[in-house]
Amino acid sequence: MTGRVLLRHPSSLEHDTGAHPESPRRIQAIERALSELDWLGWDMRLSPAASREDVQAVHPARHVDRIEALAARGGGMIDMDTTVSTGSFGAALHAAGGAVAMVQALLGAEGAPAAASLHRPPGHHAKADRAMGFCLLNNVAIAAQHAVGEAGARRVLILDWDVHHGNGTNDIFAARDDVLFCSIHQSPLYPGTGAASDVGRGAGEGYTVNLPVPGGSGDAAFVSLVEHVVRPLARAYEPDLVLISAGYDAHADDPLAGCVVTDDGYGAMSASVRAMAEEAGAPLGIVLEGGYDLGALARGVAVTLGVVGARETPEVPVVAVHALAVQARERLARMHWPGLG
Ligand SMILES: [Zn+2]
């Protein structure tokens, strides 16, 4: 049986952010929890550094050069939230490289059914030409671009369930129909983007699906939006690859946001995404984003890998169709997705 692949690299600990919620302790907490579970049987590999070619398929050279130069001269602040230290450029290259190696394991000759890239810094706020929101390089965007470029995928679906809108990924693929970007995020909240009315533009119109939820939202909203909106979208879109921008900061214990998702909620969302990938005959890749309560983060990653890696396909828990899911389906059916009506 083809194994499930977990990409990691110790350089994730060398991105020194000082007193900051996005700290090396996040990776240590995840790895401690997974090692106690014998890594859930996933095949652990060291991530290579991403090639300049893969990174620059998403980011202009000047963006990459700027981060490299700042790290080389000892680091500094890019904005109030986003720090570069001497180890940050190497950490960012391996975070992007892990995401690319994940895609190669999924779409290459190995044909792994699922893989995960567990690194920091996270990536989904990084725009093509701007680091922001703790993010330097957009790891999931680099992975998706590698998939539709070198790896020959026709269509990639990204589900971003981090509590913050993945504005970087949103913008990078806004005008494209070969990457369907779906984001569930608290609104209003940093970075202030991701309104339901942002549906992409040009050839990409309809291929950006923003699903904002109010603060206080929990399993009922998040799980229903995955199961009753994103899963039917995947049936209509027929992706060759499904990627999760997997943040765990919608958890009730998270200090940076106000949603109340539980460990079971992450399990249910994971089961729903696994089911949608299997329906599409597509492999599933998981790219770590945020999550700032160390316990909730470590448990959330373990729950996701447990559900995605289970030998038997887990049942998707039955969840009522949430009012936000009804509204989203009506909106999408009027625009580009008549099948969702
Ligand atoms: Zn976040």
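FYI, the numbering just counts along the sequence from 1. Remember, it's 1-based here, ligands and their atoms both numbered in the order they're listed.
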K.L.:
Extract all donor-acceptor atom pairs below 3.5 Å that involve side chains of residues 204-216 and protein atoms in other chains or at least two apart in sequence.
P.N.:
unit_1: N210; atom_1: OD1; unit_2: H165; atom_2: NE2; d: 2.9
unit_1: N210; atom_1: ND2; unit_2: N170; atom_2: OD1; d: 3.1
unit_1: N210; atom_1: ND2; unit_2: D198; atom_2: O; d: 3.0

K.L.:
Walk me through it: do R334 and E330 pass the test salt bridge (charged side-chain N to carboxylate O under 4.0 Å, His left out)?
P.N.:
CA-CA 6 Å; R334 277 198 306 274; E330 286 172 355; 5.1 Å; no
K.L.:
Taking N, O or S atoms only and a limit of 2.8 Å, check whether H164 reaches the Zn ion (ligand 1).
P.N.:
yes
K.L.:
For A128, does its backbone N or O pair with a side-chain atom of H59 as donor and acceptor, under 3.5 Å?
P.N.:
yes
K.L.:
Quick one: report the N, O or S atom of D249 that is nearest to the Zn ion (ligand 1).
P.N.:
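Answer by atom name: OD2.
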K.L.:
For the Zn ion (ligand 1), give me the closest N/O/S atom belonging to D162, just the atom name.
P.N.:
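Minimum-distance N/O/S atom of D162 relative to the Zn ion (ligand 1) is OD1.
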K.L.:
With a 4.0 Å cut-off on N to O distance, would you call D293 and R299 a salt bridge?
P.N.:
no
